[in-house]
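Notes follow the structure.
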Amino acid sequence: MSFSKTLTDWYSVNKRQLPWRQTTNPYYIWLSEIILQQTQIKQGLPYYENFVTTFPTVFDLANANEAEVLKLWQGLGYYSRARNLHFAAKYVVNELDGVFPDTYKELLKLKGVGDYTASAIASICYNEVTAVVDGNVYRVLSRYFGIDTPINSSKGDKEFKALAQELIDKKDPATFNQAVMEFGAVQCKPKSPDCTVCPFVSSCYAFGKHVISELPVKIKAAKVSKKYFNFLVFLTPNHTTVLEQRQGKGIWQNLYQFPLIESNKPLTQKQLELELKDLDIIKEQTYELSLYNKDEIVHKLSHQHLYTKFWIVDLDSNIKEGTPIAALEDFPVPILIGNFIEAFNF
DNA sequence: AAAGCGGGGCG
DNA sequence: CGCCCAGCTTT
């Protein structure tokens, strides 16, 4: 039996029921694919439900403010996905009369849509024969065929894409693509897959050679850097604080946070007080400074570890541009800030 | 080609 | 603690 047939037979028996499998509406498929980039289904599912409920059509999404979109995305990470999602929705509405692109090539023009996502939408919604290559596909193909080209290299990119394109079922690319991903997620898992119940066991290279745990090959990432974050939580007599929007290019772009003093080493209270003198908010003010968390909160990103202290700055008088404490929940914030807001007794 | 970008879950 | 997740964009 062919690779494709074995795979799709497995899929017909083992596939999970998921909301985006009940539709071929490109708007919903697009939403699901963006949400699921680098994200496990269990984590992305509630966000998908929220998005389709809040923004039932691409017009609703396009008409929203970016902050509303980011708020709904809060906690999911990789926030450029949300910004690009919103940008692309406006593009579809304003430039394409709300009609989604219907080819791989045109889909690629949407911000946030790369090779994988364009292939997924084109195949699932329009039956275009273009193979998806995601983390699951890398794993399944590298093991079954014994390919040790690093998956995070340009050579690996081309090699696996070409192989998947050979294997894909030309008559039903949508089912094949979803089947290979589902197979990778459910059966050919990263750790300790149960090969005794695998339909490919008799012909799988990695199983035969006992190299399951060595495939796929991936070039290791550089070591993570450490940063020291000092957030200033201002409190005023009339129950406001200060929240600012992150600018520039780094992490959490366009999300909100408490005023931040970043340093290369941990700051003592004395060192921080010196920094405070330069702040506009503090000028001419008397205040009382206290440290909220004695032990630093370590927030781990893919390649940064953020050693975080929250400093409470109790001001004697009110300020002009304060954010009412009651309005805090309306702003999109990084989960690190969100956790603090939830825990702190304002 | 390499770096940057989140947060959660698992062994 | 390291690794992985329905990857993309920028440098």
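A note on names: the letters A, B, ... follow the listed sequences, proteins ahead of strands, and every chain is numbered from 1. All heavy atoms count here, side chains included; hydrogens, waters and symmetry mates do not.
Nucleic acid contact class of Gln304(A) (heavy atoms, under 4.0 Å, all strands): sugar-phosphate only. Note on Val132(A): nothing from the nucleic acid sits closer than 4.0 angstrom, heavy atoms only. Across all strands, Asn177(A) comes closer than 4.0 Å to no nucleic acid atom at all (heavy-atom distances). Within 4.0 Å (heavy atoms only), Trp30(A) reaches no atom of the nucleic acid at all. Within the nucleic acid shown, Ser32(A) has no heavy atom closer than 4.0 Å to any nucleic acid atom. Residue contacts shown for Lys189(A) are absent, as no nucleic acid heavy atom lies under 4.0 Å away.
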Using a 3.5 Å cut-off and no angle test, enumerate the donor-acceptor pairs between side-chain atoms of residues 189-205 of chain A and protein atoms at least two apart in sequence or in another chain.
unit_1	atom_1	unit_2	atom_2	d
Asp194(A)	OD1	Thr196(A)	N	3.3
Asp194(A)	OD1	Thr196(A)	OG1	2.6
Ser203(A)	OG	Tyr144(A)	OH	2.9

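Nearer to the 5' terminus of DNA chain B, by closest-nucleotide assignment, is the contact made by Ser153(A) (compared with the other of Ser153(A) and Lys249(A)). Ranked by how close their nearest DNA chain C nucleotide is to the 5' end, Arg16(A) and Leu110(A) are led by Arg16(A).
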request  = Scan nucleotides 6-11 of chain B nucleotide by nucleotide, 5' to 3', and note B when protein non-hydrogen atoms come under 4.0 Å of the base, S if they reach only the sugar-phosphate, - if neither.
outcome  = BBS---

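Put simply, CG on Asn152(A) is 14 Å from C1' on dG4(B), counting in whole angstrom units.
Within the model, atoms CH2 of Trp10(A) and CD of Glu182(A) stand 5.5 Å from one another, a figure rounded to the nearest 0.5 Å.
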request  = In sequence, state the C-alpha distance, the side-chain angles, and the governing distance for Trp30(A) and Phe100(A), and then conclude on ring-ring contact (aromatic ring centres under 6.0 Å, His included).
outcome  = CA-CA 10 Å; Trp30(A) 170 63; Phe100(A) 244 80; 5.2 Å; yes

query = Please walk me through it: do His303(A) and Lys223(A) pass side chain to side chain contact (heavy atoms under 4.5 Å, CB included)?
reply = CA-CA 7 Å; His303(A) 45 288; Lys223(A) 250 194 80 180; over 6 Å; no

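The separation of dC8(C) from dG8(B), taken at their P atoms, amounts to 22 Å, rounded to a whole angstrom. Separating the P atom of dG4(B) from that of dA6(C) is a span of 25 Å, rounded to the nearest Å.
Of the residues Phe258(A), Phe231(A), Tyr292(A), the one that meets the ring-ring contact (aromatic ring centres under 6.0 Å, His included) test with Phe344(A) is Tyr292(A).
A donor atom on one side chain and an acceptor atom on the other are not found under 3.5 Å apart for Arg246(A) and Gln253(A). Checked by atom type, the side-chain pair Gln285(A)/Ser317(A) shows a donor-acceptor distance below 3.5 Å. With no hydrogens or angles considered, no side-chain donor-acceptor pair links Arg81(A) and Asn84(A) at under 3.5 Å.
Between the side chain of Thr23(A) and the main chain of Trp20(A), no donor-acceptor pair closer than 3.5 Å is present.
Chain A approaches DNA chain C within less than 4.0 angstrom (heavy atoms of the protein), and the contacting nucleotides run 5' to 3' from dC3(C) to dT11(C).
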